[in-house]
Enquirer: 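Below is a structure I'd like to ask you about.
Chain letters run A, B, ... following the sequence lines, proteins first and then strands; every chain starts at 1. Since the model is a prediction, treat every value here as computed from it, not as a measurement.
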Number of protein chains: 2
Amino acid sequence: MSVTNPLRLEPLKAACSTCNLRELCLPVGMSNEQIERLDTLVAIRRTITRGETLFRTGDAFQSLYAVRTGFFKTCVSSEDGRDQVTGFQMSGELLGLDGISTDRHSCDAVALEDSTVCVIPYHQLEGLSHEITDLQRVFHKIMSREIVRDHGVMLLLGSMRAEERLAAFLLNLTQRLHMRGYSQSALILRMTREEIGSYLGLKLETVSRTFSKFQDEGLLEVKQRQIRILDHDALKKLVNSASC
Amino acid sequence: MSVTNPLRLEPLKAACSTCNLRELCLPVGMSNEQIERLDTLVAIRRTITRGETLFRTGDAFQSLYAVRTGFFKTCVSSEDGRDQVTGFQMSGELLGLDGISTDRHSCDAVALEDSTVCVIPYHQLEGLSHEITDLQRVFHKIMSREIVRDHGVMLLLGSMRAEERLAAFLLNLTQRLHMRGYSQSALILRMTREEIGSYLGLKLETVSRTFSKFQDEGLLEVKQRQIRILDHDALKKLVNSASC
DNA sequence: CGCGAGCTTGATGCCGATCAATGCATGTGG
DNA sequence: CCACATGCATTGATCGGCATCAAGCTCGCG
């Protein structure tokens, strides 16, 4: 293929039925037969290199995207230029749900490392979920889960202190990575301190200091973006115990 | 009816086709014919008196609810008892979307005044939106809009200062009330200072002080829960201008 | 090798939390 | 009808956590 098309301008072929993310992604809980019908829908992939955007605020909404490899952030910005990271997405997670509302995207999606996504034309998804009840059911669950997740972030932003926020963030990340077969106790952060801070409603200095504090207390080992979790329970206690 | 059933245990009849909230609620943008089919779905109403819950965290999820009259708050709580108001809902707005994800509700919905809701059995909604494409489309938009709204709240909680938060809150409330035919410049708050504070990530004293400050500056007239907006533009400027 | 983006750490200040007292409206029972 | 309780709101005094400002450090990369 690369011989006839060395520049790789031609989009890559996607196929849910042979994808190892089946259990985490849109096809979750569907039958093999149903998943094969999904293949007609999710036909192409796109690669996004680190730092590039998959879509931007204001872009016309056409498709949802399932992260296949790599890592993304989404961020909204207010008219005065303040911006806020609203989430980090890893393999199997969906991007673009915000666009359904107004047919335009209301946030930016930026790749934090070289990434590939499967393109899911939304119009076709609506059509197919008309035919496949299970697809409709799964899709609704995914949207609802996003709402529940957002409520969790509101709780974090509205009522937790810096240490609790960072602990909750790390536990959430490792839990999601663990579901994907990675270690529970070691991770490499794909985002900067500033991006973590934006997500958690903190300044980058506070994030950095809190990392250092956790390290001093023996909860973590921090080497730049390499994190090792030494005391999982202590982090959990931080999140779950009352702030006062 | 009340003769045969003086205790009113029998649910009230609902009907989207004769409802004046058509344009704000689930039927938005649907044809008259389609709305009549909705009537078969949205058949009963429930009344909830002030202070009571429509559903609680952990309750089995059966139905969505459309607020017909009254006012609600939704709140999530963490294991240690901290809780966070995640939204305020007024007529035409949907409650219960959080439940779709896990078949259990993940927040409490509490009536802040005597209220009535239309009960929308979710299973039937899924079925009907299978038949009526426009219903599916609208429903997806409503869920997406909720996600976008939540992102806005994250921006507020993550990057705004107390005055900006309260200004944004008041403008949002009056804008929604205005769509329902109420004044743009006067409103009665249905929630306490503490509930506002919880929603905005502030303590009730801070909310109170900020109200007083706005009053001193001539932006508002505050008499307990009666608010009059004297300088709409100044509030808007507060929200939209950079914090530094 | 040296530049620059990102990270760490220190000093200081401010916004909002906390603690505490008072005020105000509503409701209830004597 | 008044006395009192109760829930909510206001206001003041003080405190603390995080932001801000500033200076160096680390590491990857051209």
Enquirer: Nearest to the side chain of B:A162 - C:dT9, C:dG16, C:dT8?
Expert: C:dG16

Enquirer: Between atom CZ in B:F214 and atom C1' in D:dT10, what is the gap in whole Å?
Expert: 16 Å

Enquirer: Using whole Å, report how far CD1 of A:I227 lies from C1' of C:dC7.
Expert: 12 Å

Enquirer: Taking 4.0 angstrom as the limit, do B:R190 and B:E113 come out as a salt bridge?
Expert: yes

Enquirer: Whole angstroms only, please: what is the CG-P distance between B:L166 and D:dT10?
Expert: 11 Å

Enquirer: Between the side chains of A:E205 and A:R193, is the shortest nitrogen-to-carboxylate-oxygen separation below 4.0 Å, so that they form an ion pair?
Expert: no

Enquirer: Send over the distance from A:D216 CG to C:dT9 C1', rounded to a whole Å.
Expert: 11 Å

Enquirer: Per the side-chain contact (heavy atoms from CB on, under 4.5 Å) rule, which among A:D233, A:I229, A:L235 passes with A:D231?
Expert: A:D233

Enquirer: Go through A:D108 and A:T57 one step at a time and tell me if the side-chain hydrogen bond (donor to acceptor under 3.5 Å, both in side chains) criterion holds.
Expert: CA-CA 5 Å; A:D108 299 350; A:T57 303; 2.9 Å; yes

Enquirer: Could you tell me how far apart B:L189 (CG) and D:dT10 (C1') are, to the nearest whole angstrom?
Expert: 15 Å

Enquirer: Rounded to the nearest angstrom, tell me the gap between atom CD in A:E164 and atom C1' in C:dA17.
Expert: 14 Å

Enquirer: Which word best sums up how the rings of B:F61 and B:H105 line up, parallel for under 30°, tilted for 30 to 60°, or perpendicular for over 60°?
Expert: perpendicular

Enquirer: How long is the line joining CD of B:Q226 and P of C:dC24, in whole Å?
Expert: 16 Å

Enquirer: Please report, rounded to the nearest Å, how far the C1' atom of C:dT8 is from the CD atom of A:Q224.
Expert: 9 Å

Enquirer: Do any side-chain nitrogens or oxygens of A:R225 fall under 4.0 Å of OP1 or OP2 in C:dC7?
Expert: yes

Enquirer: Any ion pair linking B:E164 and A:R82 (charged N to carboxylate O, less than 4.0 Å)?
Expert: yes

Enquirer: Heavy atoms only: give me the nearest B:Q84-A:G158 pair and the separation to one decimal.
Expert: OE1-CA, 3.5 Å

Enquirer: Between A:E93 and A:R180, does any NZ, NE, NH1 or NH2 come within less than 4.0 Å of an OD or OE carboxylate oxygen?
Expert: yes

Enquirer: Checking only heavy atoms, does the side chain of A:R209 share a donor-acceptor pair with the base of D:dT20 at less than 3.5 Å?
Expert: yes

Enquirer: Expected output is a numbered-order residue list: members of residues 200-208 of chain A with a heavy atom under 4.0 Å from any atom of DNA chain D. What is it?
Expert: A:G201, A:L202, A:K203, A:E205, A:T206

Enquirer: Over its full length, what angle do the end axes of the helix from C:dC1-D:dG30 to C:dG30-D:dC1 make, each axis taken from five pairs and the result rounded to 10 degrees?
Expert: 30°

Enquirer: Kindly give the heavy-atom pair with the smallest separation between A:A168 and A:V239, and that separation in Å.
Expert: N-CG2, 3.4 Å

